[in-house]
Amino acid sequence: MEYPFREIEKKWQKIWEENRTFYVDIEDERSKFYLLSMFPYPSGVLHMGHVSNYSIADAIARYNIMNGYKVLQPMGYDSFGMPAENYAIQHHSHPEITTHENIDKMRKQFKSCGFGYDWDREVITCDEDYYRWNQWFFLKMFEMGLVYKKSSYVNWCPSCQTVLANEQAEGGICWRCDSKVEQKEIEQWFIKITDYVEELLDHSKLGNWPQRVITMQKNWIGKSFGTEIIFKVADEEIELPVFTTRPDTIFGCTYMVLAAEHPLVEKLIAKNSEKEKVLQFIQEVLNEDKIERTAEDTEKIGVFTGSYAINPVNNEKIPIWIGNYVLMDYGTGAVMCVPAHDQRDFEFAHKYDLPIRIVIQKPDKSLVLEEMKEAYIDEGVLVESAKFNDQKNITAIENISKWMEEKGIGRRTVHYRLRDWGISRQRYWGTPIPIVYCDDCGAVPVPEEELPVRLPKDVAVGKTRKNPLLSVPEFVHTTCPKCGGPAQRETDTMDTFFDSSWYYARFCDAHNNNEPFDSEKANYWLPVDQYIGGIEHACMHLLYARFFHKFMRDIGLVNTDEPFTNLLTQGMVTKDGAKMSKSKGNIVDPEEYIDRYGSDTLRVFMLFASPPEKDVEWNDEGVKGAFRFLNRIWVLVTEKQTFLKSLPNRYDEKAVMPGFAKKLRFSTHSTIKKVTEDINKRMQFNTAIAALMEHLNNVSAFECNEQSEKIVKAVYYEAIAAIPKLLQPFAPHLSEEVWSMLGNQTSILETGWIDYNEKFLIQDEVTYVIQINGKLRSKIVVDIDTPKETVEELALADEKTQKYTKGKTVRKVIVIPKKLVNIVV
RNA sequence: GCGAAAGUGGCGGAACUGGUAGACGCGCUGGACUUAGAAUCCAGUGGCCGAAAGGUUGUAGGGGUUCGAAUCCCCUCUUUCGCACCA
């Protein structure tokens, strides 16, 4: 028999919608719980990953509703960005059309899953009423001095005449035309996220966040204490500051290396007779992949600039090189090189025959230059370092820095790996950056009253690979807001991370046309109590959103410091051990399974297959297993419906009952306890469902009929009635149906969660495991409060124990209360 | 390469605080029902030896701490995620 999931699911979805079960407002007296899942990019098809993620969230939502909270669970679409543009090109359409079509499809699919969303708050980021506030925020940031323009390098395909994303330029080859990708320097808008770096480093105001996300963010921000040392270029008045965490090795610095992008490179190579060669080298380095460039096993290559610098501590003249292993993004783009004590420098010096000088000796002074096979990076004592000789290098770090500060050749500084947020994208499908370029006034922000700067719709997407906005004269040509003269609009659009940095706040007041959201409303709902999304967002999205929240706080829009109190990072859905993707051809379509088994089955499978933080391996047979479980519940209740309705729904707690009934009561109450704690303490649904399955097995094996004692009937009823309650978070439709079949009139969501009674969890006997030398040899069952000494005696007297202890001396006996006895012989 | 995690039967996983490894489910094997299949129900199921009782081995690999290690420490291997223009 197959339970009628199609009718059941449709029926309850309709009832929830009519009752407006999941629509919430501030006036409602229950306390708030804001539950948010990362919103999807609307590809048009619901992916298994979505179902998994949103099933986890919905389970938490429903559990909290039953525990008396009003749960705000909104849904929206992260609908700007490259995939939408590419999708439209492929389908010879326009992203405006395809995106909205896709959104409509996805909304329908979400509804068929029965997720408990407040649809009145739907947010679509590519709609004007949303992105206009991106522009508004940009202007506020501009006012606050958080926005600036600087040039930086982008992947450039010379044949397509377009900027490429890193993923489109893999291996240095353009994804479309296979041309070699170049690095091109262009002007871009940046946001000073680094102004908030210290606050972003402080995770103390967060609730329950995975430690690993915090660690990843800390490493990403990469705070390091060090010293900035100012080198001067020989015979020039040019200063070349370097940042180092190892000022103790400064006397061993024998050359310098600059990044190929370093702004002074041009000056330094001006007098070099082999200038052309150097320029060619620079071009080659620039076109290398950045990850490859810094990889330790990549060959370190370089070229001499022809210029020298002066080591400020000993006035030595040292050569200045350009190398592939130095990046402009970190520190000052110039490093002092100490080949004896840095592995990369060591390799580089050997390759180009540069001098190496030991300045840190092993405590036994055994380090010999000629015998060194690698750099010595451990602790030691300073040598050849003038007045710092014989100091431990750890102390010398401090002393040398102080001394350099006094001499004015260096200062202690803090450096961060975190860079400012580049938001410019040379693409069509994004929020236009509200800036106008005037020949006289320069870059002028668009006045607030003139927002939104509308993204023109009448654009031939895909005709050229260049940013289509460039070919819309009505958009580009405008007048300067300052002087009224002719001007051009900025054609760059914003990074889509901008959209997703504040959407959680928009959900609090999704249709406000006068401001991004009403402060009071946002302060009521925020912060998000539980945020759920993939670990891949650990550094970027989650940092941008934290930054944005602090910025919104500083302009008075919100009154909290952090946007997301608790965070759950869920795993992805895999098949054959790999992430589901089009290119691998291992995609499984959720809709097919919803049609075949219903959304309850799909949810139960997803939640049961693994704990939420881990990946879920797709398994067709496993889905059938989930269906079988739900079917068994339905059959059990349907077959006995009349009998069940006749059973007493209360019983005398003190009534004497037979052992088998006591056991069932234990099963009921321990299952309630297990499911409750697995949901609210551990957020582990697989074990909760396993416990429920076990309980169902116990109930199915239980014999109860018209002739049974009254107390037995009551215990049986209690055992069955607990099932729909505990099932609601995982299989909500069936849960409701079973609940109503038991004669209940209202939605189970309106009834409370179910409590267990500690009294019924107390057992009279306990099994002790007996180990001999740590190996399991026997078991004894004793009264629960048997004293330790008696347990020891009983264990030693045990027949099987005797077999192993005979003729041997018992050296030690360890008794762990209610668990085991270990006898060491 | 750097940063962060993970690795347990044929498979997904459980073991929460260092204390019975393999809960629960899938698969498989045998049986019941059936003309037959599907579905359902019952029993068994880490490997090896054994008819059984039982023994022995076993949590990626190697070493260590402990009465006792899947769990703690060190080393190695493998896989996954992120690395700033995918979202």
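Throughout, protein chains are lettered first and strands after them, A, B, ... in sequence-line order, and every chain is numbered starting at 1.
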inquiry  = Regarding A:Ile823, tell me which of base, sugar-phosphate or nothing describes its non-hydrogen contacts under 4.0 Å with the strands shown.
reply    = nothing
query = Of the candidate nucleotides B:G3, B:C67, B:A87, which contains the atom at the shortest distance from the side chain of A:Lys812?
reply = B:C67
Nucleotide nearest A:Thr215 (side chain, heavy atoms from C-beta), chosen from B:A4, B:U20, B:A87 = B:A4
request  = Please evaluate the base of B:C85 for a donor-acceptor partner in the side chain of A:Gln426 within a cut-off of under 3.5 Å?
outcome  = yes
task = Pick base, sugar-phosphate or nothing for A:Arg417, based on heavy-atom distances below 4.0 Å to the nucleic acid.
result = base
request  = Give a yes/no answer on whether the side chain of A:Lys775 brings an N or O atom under 4.0 Å of OP1 or OP2 in B:U57.
outcome  = yes
ask   = With a 4.0 Å cut-off on heavy atoms, is A:Gln168 in touch with a base, just the backbone sugar-phosphate, or nothing at all?
value = nothing
remark   = Per atom distances to the A:Arg632 side chain, the nearest of B:A4, B:C41, B:C81 is B:C41
Among B:G25, B:C86, B:G13, the nucleotide that comes nearest once only the side chain of A:Ser610 is considered = B:G13
query = With sugar-phosphate meaning primed atoms plus P, OP1 and OP2, does A:Phe497 contact a base, only sugar-phosphate, or nothing at under 4.0 Å between heavy atoms?
reply = base
query = Can you tell me if the side-chain N/O atoms of A:Lys819 get under 4.0 Å from OP1 or OP2 in B:A15?
reply = no
task = Could you check whether A:Tyr804 gets within reach of a base, just the sugar-phosphate, or nothing at all, counting any heavy atom under 4.0 Å?
result = sugar-phosphate
query = Given B:C85, is OP1 or OP2 found less than 4.0 Å from the side-chain N or O atoms of A:Arg425?
reply = yes
request  = Could you tell me whether the phosphate oxygens of B:U40, OP1 or OP2, come under 4.0 Å of any side-chain nitrogen or oxygen in A:Arg628?
outcome  = yes
task = Describe the nucleic acid contact of A:Asp78 in one word from base, sugar-phosphate, nothing, applying a heavy-atom distance below 4.0 Å.
result = sugar-phosphate
inquiry  = On RNA chain B, compare the nucleotides closest to A:Leu418 and A:Gly81; which residue's is nearer the 5' end?
reply    = A:Leu418
query = So what does A:Lys674 hit on the nucleic acid, given a heavy-atom distance under 4.0 Å: a base, only sugar-phosphate, or nothing?
reply = base
task = Looking only at side-chain atoms of A:Asn155, point me to the closest of B:A84, B:C24, B:C85.
result = B:C85
ask   = Within the structure shown, what part of the strands sits under 4.0 Å from A:Lys779 by heavy-atom distance: base, sugar-phosphate, or nothing?
value = base
inquiry  = Could you check whether any side-chain heavy atom of A:Asp78 comes within less than 4.5 Å of a side-chain heavy atom of A:Tyr503, counting everything from C-beta outward?
reply    = no
query = Below 4.0 angstrom from OP1 or OP2 of B:A15, is there any side-chain N or O of A:Arg682?
reply = yes
ask   = Is there a donor on the side chain of A:Arg427 or the base of B:C85 sitting less than 3.5 Å from an acceptor on the other?
value = yes
key: side-chain hydrogen bond (donor to acceptor under 3.5 Å, both in side chains), paired with A:Asn134, selected from A:Thr431, A:Thr496, A:Thr493   = A:Thr431
query = Looking across every strand, which nucleic acid part, if any, lies under 4.0 Å from A:Gly222 by heavy atom: base, sugar-phosphate, or nothing?
reply = nothing
Proximity to the side chain of A:Gln771 - top-ranked nucleotide from B:G19, B:A87, B:A15 = B:G19
inquiry  = Tell me whether the rings of A:Trp421 and A:Phe547 are parallel (<30°), tilted (30 to 60°) or perpendicular (>60°).
reply    = perpendicular
request  = Mind telling me whether A:Tyr148 and A:Phe190 have parallel, tilted or perpendicular rings, with 30° and 60° as the class edges?
outcome  = parallel
inquiry  = Counting the atoms with a prime plus P, OP1 and OP2 as sugar-phosphate, which does A:His541 contact under 4.0 Å by heavy atoms, base, sugar-phosphate, or nothing?
reply    = nothing
request  = Salt-bridge test for A:Arg596 and A:Glu2: reply yes if a basic N is under 4.0 Å from a carboxylate O, no otherwise.
outcome  = yes
task = With RNA chain B as reference, determine whether A:Val213 or A:Thr767 sits nearer its 5' end, using the nearest nucleotide of each.
result = A:Val213
query = NA contact type, A:Pro611, heavy-atom cut-off 4.0 Å: base, sugar-phosphate, or nothing?
reply = sugar-phosphate
task = Scan A:Gln188 against the nucleic acid and name what it touches under 4.0 Å (heavy atoms): base, sugar-phosphate only, or nothing.
result = base
message = Nearest 0.5 Å, please: how far is OH in A:Tyr531 from CZ in A:Phe564?
response = 4.5 Å
inquiry  = Does a side-chain N or O of A:Asn686 approach OP1 or OP2 of B:A14 to a distance below 4.0 Å, or not?
reply    = yes
inquiry  = Checking contacts here: which listed nucleotide (B:G25, B:A87, B:C67) is nearest the side-chain heavy atoms of A:Val824?
reply    = B:C67
